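Written out below as structure tokens is the structure these notes cover.
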Number of protein chains: 2
Amino acid sequence: MIPQTEGTHPAWLPDAALVHLAAADAVVLGDGPLVDTVRTEVAHAATLGGGETAPRPAGGASPDRLVLALLDAVPDDAPEQLREAVDLVQRAPGDEGFVEVRRTGAAGTTVTMLATTGHGLLHAWFHLVRQGAAVLGVRPEGDRSGAQASLRVEAHEPAHALRVLDHWDNVSVHPVMGQVERGYSGGSLFYDDGALRPDLGRVRQYARLLAASGVNRVALNNVNVGRREAQLLTTHLDDVVALADAFRPYGIRVHLSVSFASPVVLGGLGTADPVDPEVQAWWAQTAAAVYAAVPDFGGFVVKADSEGQPGPFTYGRDHADGANMLARALGPHDGVVHWRAFVYDHHQDWRDRSTDRARAAHDHFAPLDGRFDENVVLQVKLGPVDFQVREPLSPVITVMPQTRVAVEVQVTQEYTGQQQHVAYLAPQWTDAMQTRPWGDDGPAVHDVTSGRATLARRGITGGGLAAVSNVGQDVFWTGHPFAQANLYAYGRLAWDPTLTAEAILDEWVGLTFGDAPDELRTTVRDLLSGSLDVYEQYTAPLGVGFMVSPTRQHYGPDVDGYEYTAWGTYHFADRDGVGVDRSCATGTGYAGLYPPGLAATYESLSTCPDELLLFFHHVPYSHRLHSGTTVVQHIYDTHFAGVERVEEMVTAWEKVAPLADPALAGRVGERLAEQLRSAVEWRDQLNTYFFRKSGVPDGRGRRIY
Amino acid sequence: MIPQTEGTHPAWLPDAALVHLAAADAVVLGDGPLVDTVRTEVAHAATLGGGETAPRPAGGASPDRLVLALLDAVPDDAPEQLREAVDLVQRAPGDEGFVEVRRTGAAGTTVTMLATTGHGLLHAWFHLVRQGAAVLGVRPEGDRSGAQASLRVEAHEPAHALRVLDHWDNVSVHPVMGQVERGYSGGSLFYDDGALRPDLGRVRQYARLLAASGVNRVALNNVNVGRREAQLLTTHLDDVVALADAFRPYGIRVHLSVSFASPVVLGGLGTADPVDPEVQAWWAQTAAAVYAAVPDFGGFVVKADSEGQPGPFTYGRDHADGANMLARALGPHDGVVHWRAFVYDHHQDWRDRSTDRARAAHDHFAPLDGRFDENVVLQVKLGPVDFQVREPLSPVITVMPQTRVAVEVQVTQEYTGQQQHVAYLAPQWTDAMQTRPWGDDGPAVHDVTSGRATLARRGITGGGLAAVSNVGQDVFWTGHPFAQANLYAYGRLAWDPTLTAEAILDEWVGLTFGDAPDELRTTVRDLLSGSLDVYEQYTAPLGVGFMVSPTRQHYGPDVDGYEYTAWGTYHFADRDGVGVDRSCATGTGYAGLYPPGLAATYESLSTCPDELLLFFHHVPYSHRLHSGTTVVQHIYDTHFAGVERVEEMVTAWEKVAPLADPALAGRVGERLAEQLRSAVEWRDQLNTYFFRKSGVPDGRGRRIY
């Protein structure tokens, strides 16, 4: 039985997405738990067409239409079709890879999926799911072209071995952050008010969804580690065992966020100094105990010396000392440390314009390149500040050639509408991953995260793509049903960062709304496609960021909300102009942290892209953008336009809503109404704020309060 | 035994404040529980001088130096001194009043205190305590003036029969507001995490302190009535019984804040409509049950149709309908309803400048004058908005001649530094109570609240002075030890609103620091004396108010924090000017709600007092104040000056701190350090904000960021 739970939305794995495989009459060859999972999937698919409920043995009167086989399970006397496919494999796939051999001939299409491991075979299966009806040569109705004889062999490997989804779930309800920090989707899938949920049925279902998207690791708790959460490592290790058991059938390994102070907090030692032999021994013993209970445990995630979390600075050590100490405890067990680079002074003085939070991670970590052990991954947020709708790429990614670097994205929409607003985030991630910071001839960011650009020469793999999860107990998993697309896109990009956001969106719509009328699918696609642009239009302009409400935990506008705080997130708007001078010539020098070409682009007003202008420069309101308009008029124009686009979204949805499942239609309708209300509030507050400051009236005479 | 608890600061009743009565060898005549309390007090005082521990019978060899007697307990054959005093009483004192007869002759001074009730006698006792050593003719050392033969007869009556201290305590911990809403002094004296405290020792001690200040009623729970708190009225009435028992020995009656929805929430009815006979019957029965358990129960406090609390509007009824319905349930038992006038639209649109929160209470209640029953008290906040450091008087106070009006002040320092900052609030209250809104020949506000101005003609008493408490489990009761002065001052002003803030301060310092060196007492007095002015200097300027942080629950600055919210509290600062136009000519018309003279004063820029300028008018930054300086320069000047004055306070305290009790010295020192830090933050944020907006540099070239 595949894991399904009553009343929960099936996300991108509704039965409709599998029905094309029902008649495939698939053969599965091999042994092991993940091969068994594939058999379960095949059996489930078969029931959808009313066919057999178990895979049948290979061979028979005609060639098998679909075979999924482990290479070493193919017998010497296998049918010719299968032997031929094995012969076509030039290199055995890696742990999670697979080879697809597709032959079309007079007798129809046959597909053979070959892998080295059950995990690879499971990915092969979901690859078939994603391809839809076309996979077995079923052509759309009306297609009368003759079936050309053809042979296609494709090898698939994930670009990143580590595709970790970080859950910011708390075991105990946090007094401010609740059960899931930055969670906008109800309670935690794992915990309920201080304890593990007794029924992990939804976790098993979730594991299947994640596997189908490409995720292969899950961190089980918040990087801000509370007292109860810290105990997952020791006295509450049973919780980890239970969760690992729930995730394992779909090839997902579990990680834990740990407190750097664990030796003190949990171990009763007098110190957590990483060079202290007792501390090292405590971590080694603790790690060994974890692996004794969970042999495929993934490793630790650590937020150290950041926003109040403990770290090596307390003991006069640096982040390499801290990370390596943990890495050595995990090393014997094939575990990794994800060490977050999100370190900055969160007690900054707003009066001091020389301190620049955007520089902080760079200035902390750049000097440490080369000092991290091989099983340390430096986990770097996409941008230098904190998941704003628009930021430049974090320069840390470009200055750590000897370090395994993972990029961290935020699937949960903390700053992008908190799953009340539609904001398909994949374009932000693909832009970043496909950027070539050293110029068009240089490597892309994904070449850094995959390790291809540098580390591969030394036989070291990359750091991967990490993300903060957006799911919870909500029936739609993610609050806004359309926010599922972000989770899906993350998994797909973690597997293949060269995909386009549009291609992934097509996949997601195809899977999730596969049996819906075209009109609905087109509208969903269109609503999501430009949604991040729309969100950017009505919120903080031109890359300046952080005009969000502190009171409402980053939801909705508050232009000065962070302007006089200790968080280092300022816009410096006065009656003459706005923006942060991060140039080398007159500002904080941040622009100079990039490779020379990019640094020069950002340094100069004449080349800095409009959308990042206020991130890099403080300019007068009358400054003319490359677009031809002034800064203040751009603010007015985009804010009016953004709201108009939301109004169009509402209208578009109203037209197709009757075609959708009523529960989903209702939820989307409610959220769109809230998005419109909120967008109007953003527009009016931003426009009024800048009108009051600048005194410049709208060039088109629209209402500003 | 008088109630004392180990380790708790004695506030204004340290033994040193009673020691002058130790040798008085007082005689107490009369019977009843409150007379017994007086006997206990006398006995306690006697122990302090090493004298007898019980009051002795009247008469003897020489005249009694001090007699406290109920008039009807004075026997016909009483000693001459006592008979003479009784003859001097022209009118028997009211319930809480007393007559003091003091005769000085060759044989020394004798003092006779006469009352009708034990309650009056108890007030007489604390009157003696307050007068200090002088009461029995003990002259300061060095005073060589002869003892002139003299006779003085003084009758004392409280100006207000109702002197209610409202506790905003929750029984269950509120997720945002905690155990005590707006409490800055630790946990509740009454409740701990969902239940009544088992030990009410501190409540008994508190009752004694309140009685000594003049308070005679306490409301036991928050006006925002939660589920558990609502049940105090019914299933948890035992809690009320226990608290009433703790307060009763000191003459304090208890009240409850009730939910208008109680018939639904507690009674299971389908409605709480005040004209519904079932609803009326439910309240009548419920009130009867309360009085059966607590015969001296005081009545109800109600916040209705305000900030989300239920009220009569739900049923299309008005506030008179609602209040009268409750009043009729309480009437047979001598109970009163305190109905709060704090009603406004808290979902206001900041874009709409025509809605004025300051008008709201007036516009709701003025039309209802004459419709309230005689046991309804309309409880009106001092100012029209919400306890800002500077507001004009609420006009509601001037438009309800047929209604019992209580003024409500906020002893707890919600907007005035939250008991981190020194802010002696009495000057704000005396200014308001002693204002004569109809001109110098008209009645003062306290003539309205006492009922003298209007209601007395019809034999109806006034509404009184109500307040929100500032105490908690803190060892100093109020967090900042100096915040005790606010509680003391409230009680004294409720008794006698014609007292000056300075006179009350002298009393409080004398009682609290009676045995301390003069230098310490002078410094404490000086620190408190100007403290509200200092606080006003470094916070929101010129009466504009509400530049406080929403994030930090009204502590610290956030100039735009409420500017784009639904709360109706705006300053409208733009690049040209600041302030709220509440004139009749061009604004919201609020200025016209006052009696004509005052209305004209506020309406005109040429007569509006500087300190309220921005409350009533929107003016350019270059507008010149009556003081001769411009608005923006005034902002700079006062903010620099305010911080300098806090620096002086810190220095002054450092000098005398070694003379104080170390625990108190430490606490005051910590809080002053925080006040200085916070004042600097206020100064810099306010100055920077207005500099960025106005572009006007400081005329004295000081540093603005």
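It should be emphasised that the depicted structure is a prediction, and the values quoted were computed from it without experimental measurement. Every chain is numbered from 1, with letters handed out A, B, ... down the list of sequences.
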- Please flag which part of A:Arg353 lies under 4.5 Å from any non-hydrogen atom of chain B: side chain, backbone, both or neither. side chain
- Task: Evaluate whether atom CZ of B:Arg227 has more than 12 neighbouring non-hydrogen atoms of other residues, nucleotides or ligands under 6.0 angstrom away.
- Result: no
- Query: Does CZ in B:Arg702 sit with more than 12 non-hydrogen atoms of other residues, nucleotides or ligands closer than 6.0 Å?
  - Reply: yes
- Backbone N or O of B:Arg692 within a donor-acceptor pair of the A:Arg575 side chain at under 3.5 Å? no
- Residue from A:Ser694, A:Pro557, A:Gly561, A:Pro175 scoring the most non-hydrogen pairs under 4.5 Å with chain B is A:Ser694
- Message: Quick one, A:Thr688 and B:Glu563 - any side-chain contact, counting heavy atoms below 4.5 Å?
- Response: no
- Query: In chain order, what residues pass the side chain to side chain contact (heavy atoms under 4.5 Å, CB included) check against A:Ala679, with sequence neighbours excluded?
  - Reply: A:Tyr538, A:Val643, A:Val646
- By side chain to side chain contact (heavy atoms under 4.5 Å, CB included), which residues pair with A:Gln348, not counting sequence neighbours? A:Asp345, A:Thr355, A:Arg357, A:Tyr570
- Euclidean distance, B:Asp558 CG relative to A:Thr565 OG1, rounded to 0.5 Å: 9.5 Å
- Task: State which residues pass side-chain hydrogen bond (donor to acceptor under 3.5 Å, both in side chains) with B:Thr569; sequence neighbours excluded, sorted by chain then number.
- Result: none
- Does anything in residues 544-551 of chain A get under 4.5 Å of chain B by heavy atoms, and if so which residues? A:Pro550, A:Thr551
- Between B:Asp684 and A:Trp350, which heavy-atom pair has the shortest distance, and what is it? O-CH2, 3.4 Å
- Message: I need the minimum non-hydrogen distance between A:Glu681 and B:Tyr564, along with the two atoms involved.
- Response: OE2-O, 3.9 Å
